[in-house]
Amino acid sequence: MTLSLSSPISAFPLKRLFFPTSLKPSIPTPVFLSLSLAKHCLNMSSVPVSLPKYDFQTNWDVPQFSDDQMDAVADETLKRYSLSRDRKRNESGVAIVWFRNDLRVLDNEALFQAWKSSQAILPVYCLDPRLFGTTHYFGFPKTGAVLRAQFLIDCLANLKKNLMKRGLNLLIQHGKPEDILPSIAKAFGAHTVYAHQETCSEEILVEKLLTNSLRRVVLPPVDIATSIPKTPKLQLIWGSTMYHLDDLPFGSSNVPDVYTQFRKSVESKCKIRGCIKIPPSLGPLPSGSLDEIGGWGCVPSLDQLGLNMEKHNGGMHFIGGENAALARVNEYFWNKDLLRVYKETRNAMLGPDYSTKFSPWLAFGCLSPRYAYEEVKRYEKERVANDSTYWVLFELIWRDYFRFLSIKYANSIFHLGGPRRVKGLNWNQDMALFESWRDGRTGYPLIDANMKELNSTGFMSNRGRQIVCSFLVRDMGLDWRMGAEWFETCLVDYDPCSNYGNWTYGAGVGNDPREDRYFSIPKQAQTYDPEGEYVSYWLPELRVLPKEKRHFPGTSYIKQVVPLKFGNANPRNSNQFKGQSHRGGFERRKGQRS
């Protein structure tokens with residue numbers, strides 16, 4: 001969650017996209033996920049790709065590689081992105097690398113700048129108790145998803161392992177960065193704390209508090225003759241997007257409100273920087289004892305974080321860490337060769353391979369978006385360049401767009417009226433109604449199955465996110481922030497910029513001028529789960545029903561909590577599917593319901 005000093009708010013990770021009528025569309029309709037899924041594709045010329053059928057309660061690790069395979073892929077990739085020879089370090093002293101949402105070695109400019117500016121590096125991660133607090137408006141647990149906490153644990157263990165291979169280690173401490181880092185800087189005489197820059201107010205507040213705390217640390221003078229004491233400084237580096245902030249053809253306060261204008265501008269006027277290469281050896285560590293600050297610390301367990309893992313059957317299990325991220329890119333692009341058909345499969349909802357699933361690693365910074373870009377370009381050169389390869393980059397641009405908009409609009413992306421400051425909103429906050437949505441007890445199998453998946457796995461397809469958002473806001477009439485904060489609690493791929501960019505859009509308070517974009521459940525069910533495979537996977541009681549009744553089972557399922565705002569609840573008697581032949585076979589016009 002992200003809040004300001006004056007008006008606190010929350011956050012989560014989704015990503016927008018929009019459907020194209022050509023390779024580069026002009027009418028944006030964003031999607032809900034950073035790189036997990038895009039939107040419905042119109043007028044596709046390619047033949048639809050069939051996805052495999054899955055057994056009930058099948059579990060899928062993502063990636064589906066063994067530990068040894070993941071290590072081998074990561075070692076080869078990191079070797080490819082290593083400097084051919086060690087550069088000489090002309091600077092002196094100690095630099096601290098404060099790891100935040102950038103838990104990787106490859107293309108980590110903060111790590112590289114720290115190495116270049118010092119004789120020794122001390123990497124640090126702070127387990128900030130604020131990560132495990134509650135959301136602002138509705139008091140949901142921030143990292144309520146044990147799966148997200150486990151993903152973080154995996155990330156830290158893997159980061160520590162990869163740093164140790166390069167002559168370093170990872171110092172892990174429990175506490176607030178503004179309390180921990182100044183003590184470490186003083187103990188080792190560190191001249192600079194390097195970190196990647198964030199954009200939302202909670203994170204910016206921590207940066208300001210840390211800066212103030214570092215100013216109170218007095219280091220011994222470097223030159224005894226001058227006797228001028230120094231204080232360590234915080235050096236923030238941009239490194240979370242595919243396009244660099246400094247390369248944009250407009251200032252952060254002038255980011256276009258319309259995605260299409262943003263995309264066309266950056267594609268025509270900007271060049272994506274290459275990945276930062278890291279020396280094979282990053283050592284040495286600073287000399288001296290860590291006893292004064294409590295030793296190296298260790299990667300925490302769930303028990304130490306006050307959490308317990310509950311066993312869930314079925315769905316995806318994401319493995320955290322940079323090695324897993326690099327292995328997933330290898331698996332999806334090269335091993336399974338799925339990049340060539342991504343555009344045709346990305347709107348499915350069941351299984352590990354209908355979309356890239358990069359979003360959890362992007363959210364934690366285990367995967368550099370610039371590395372994903374370079375792999376797409378390598379794939380296009382070595383295998384094929386088509387709409388699908390472009391569409392992965394298209395989604396990464398959406399992710400960039402949300403990040404830059406969070407600078408322009410600051411806290412308004414978290415407020416009820418959104419960036420447009422819409423007035424007169426009358427959503428209710430009926431907690432009983434919300435809990436039926438939260439727990440998957442609405443009486444609409446498509447909604448309930450998606451919420452069951454979210455609560456069990458920490459993940460939901462992009463298509464599902466759009467549908468459940470529309471249902472909460474349009475059909476139930478609930479405050480959209482309730483949904484946003486629950487996503488913050490549950491999602492493994494939580495990211496404040498993408499999350500609130502999508503929720504404000506879905507609620508009609510974002511930048512897009514259409515205020516009532518409605519997702520018809522009958523239409524969505526018919527288009528994206530016509531045989532009821534997805535809903536019967538997550539709702540076992542529906543498996544005994546004929547396929548055509550699984551989405552609207554009548555009295556054999558729980559009672560519907562609210563009527564639908566639009567559309568007949570029985571698709572067999574509805575005329576809204578007329579003219580629709582197959583997925584992608586109908587035109588979208590302004591104002592048409594999805």
Side-chain angles (χ1 to χ4, degrees), residues 1-18 27-34 39 135-138 197-205 240-241 243 245 248-266 395 397-427 462 465-466 469-470 472-474 478-488 494-518 590:
M1 180 166 116
T2 301
L3 37 120
S4 72
L5 294 172
S6 59
S7 51
I9 44 259
S10 56
F12 112 15
L14 291 165
K15 192 187 133 343
R16 283 173 41 150
L17 269 196
F18 54 127
I27 303 176
T29 54
V31 189
F32 257 96
L33 218 206
S34 28
K39 293 182 75 74
T135 60
H136 176 66
Y137 289 113
F138 302 101
Q197 180 180 352
E198 292 290 342
T199 64
C200 292
S201 53
E202 274 191 355
E203 293 78 10
I204 292 173
L205 175 59
S240 60
T241 54
Y243 287 97
L245 177 65
L248 297 181
F250 32 72
S252 58
S253 61
N254 295 312
V255 173
D257 286 337
V258 178
Y259 169 77
T260 304
Q261 295 174 2
F262 172 84
R263 175 183 58 78
K264 289 181 177 180
S265 182
V266 296
E395 293 192 31
I397 299 174
W398 267 110
R399 181 177 178 274
D400 281 9
Y401 179 60
F402 278 131
R403 178 68 56 136
F404 297 131
L405 277 184
S406 72
I407 301 174
K408 178 178 180 178
Y409 284 108
N411 282 344
S412 65
I413 67 173
F414 306 111
H415 295 166
L416 182 65
R420 293 170 52 214
R421 296 178 171 84
V422 179
K423 305 293 184 181
L425 300 172
N426 59 355
W427 288 306
N462 177 74
R465 297 186 195 204
Q466 296 176 90
C469 170
S470 173
L472 179 122
V473 173
R474 310 295 180 197
L478 292 176
D479 187 330
W480 63 270
R481 296 170 301 174
M482 300 177 85
E485 289 195 6
W486 185 246
F487 272 31
E488 176 180 357
Y494 172 77
D495 169 287
C497 307
S498 295
N499 179 38
Y500 273 85
N502 281 286
W503 273 99
T504 55
Y505 175 82
V509 298
N511 295 320
D512 192 286
R514 287 180 296 171
E515 298 181 10
D516 193 16
R517 185 159 184 271
Y518 182 77
K590 187 172 182 180

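Heavy atoms only: backbone and side chains are in, while hydrogens, waters and symmetry mates are out. For the single chain, residues carry numbers from 1 onward in sequence order.
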Problem - Point-to-point distance, once rounded to the nearest 0.5 Å, from OH of Tyr409 to OG of Ser253 - result: 10.5 Å

Exercise for the section: Would you check if Asp479 and Tyr137 make a side-chain contact, meaning some heavy-atom pair closer than 4.5 Å? Expected result: no

Practice task
Report the distance from atom SG of Cys200 to atom CZ of Phe414, rounding to the nearest 0.5 Å.
Solution key: 4.0 Å

Problem - Closest non-hydrogen atom pair between Pro419 and Ile413, with its separation - result: CG-CG2, 4.0 Å

Exercise for the section: Give the minimum heavy-atom separation between Thr241 and Arg399, together with the two atoms involved. Expected result: CA-NH1, 4.4 Å

Completion exercise
Note: Arg403 and Ser240 closest approach over all heavy atoms is NH1-OG, 3.5 Å

Completion exercise
Interatomic distance, CH2@Trp503 vs CG@Leu472, rounded to 0.5 Å, equals 5.0 Å

Completion exercise
Looking only at heavy atoms, the pair that brings His415 and Arg481 closest together is C-CD, 4.5 Å

Practice task
Without swapping roles, check the side chain of Arg517 against the backbone of Ser470 for a donor-acceptor pair under 3.5 Å.
Solution key: no

Exercise for the section: Would you mind telling me which of Tyr401, Phe402, Trp398, Tyr243 makes a ring pair (Phe, Tyr, Trp, His ring centres under 6.0 Å) with Phe262? Expected result: Tyr401

Practice task
Kindly write out the residues that satisfy side chain to side chain donor-acceptor pair (under 3.5 Å) with Gln197, not counting sequence neighbours, or none if the list is empty.
Solution key: none

Problem - Steps toward side chain to side chain contact (heavy atoms under 4.5 Å, CB included) verdict (Phe487, Cys469) - result: CA-CA 10 Å; Phe487 272 31; Cys469 170; over 6 Å; no

Problem - Contacts of type side chain to side chain donor-acceptor pair (under 3.5 Å), residue Ser406, not counting sequence neighbours - result: Thr199

Handout entry: Where Leu405 and Pro256 come nearest, the two heavy atoms and their spacing
Key = CD2-O, 4.2 Å

Fill in the blank from the handout: Heavy-atom nearest pair, Trp480 first then Leu416, reads NE1-O, 2.9 Å

Practice task
Go through Asp257 and Lys408 one step at a time and tell me if the side chain to side chain contact (heavy atoms under 4.5 Å, CB included) criterion holds.
Solution key: CA-CA 10 Å; Asp257 286 337; Lys408 178 178 180 178; 2.8 Å; yes

Handout entry: Side-chain heavy-atom pair Val266, Asp400 within 4.5 angstrom cut-off
Key = no

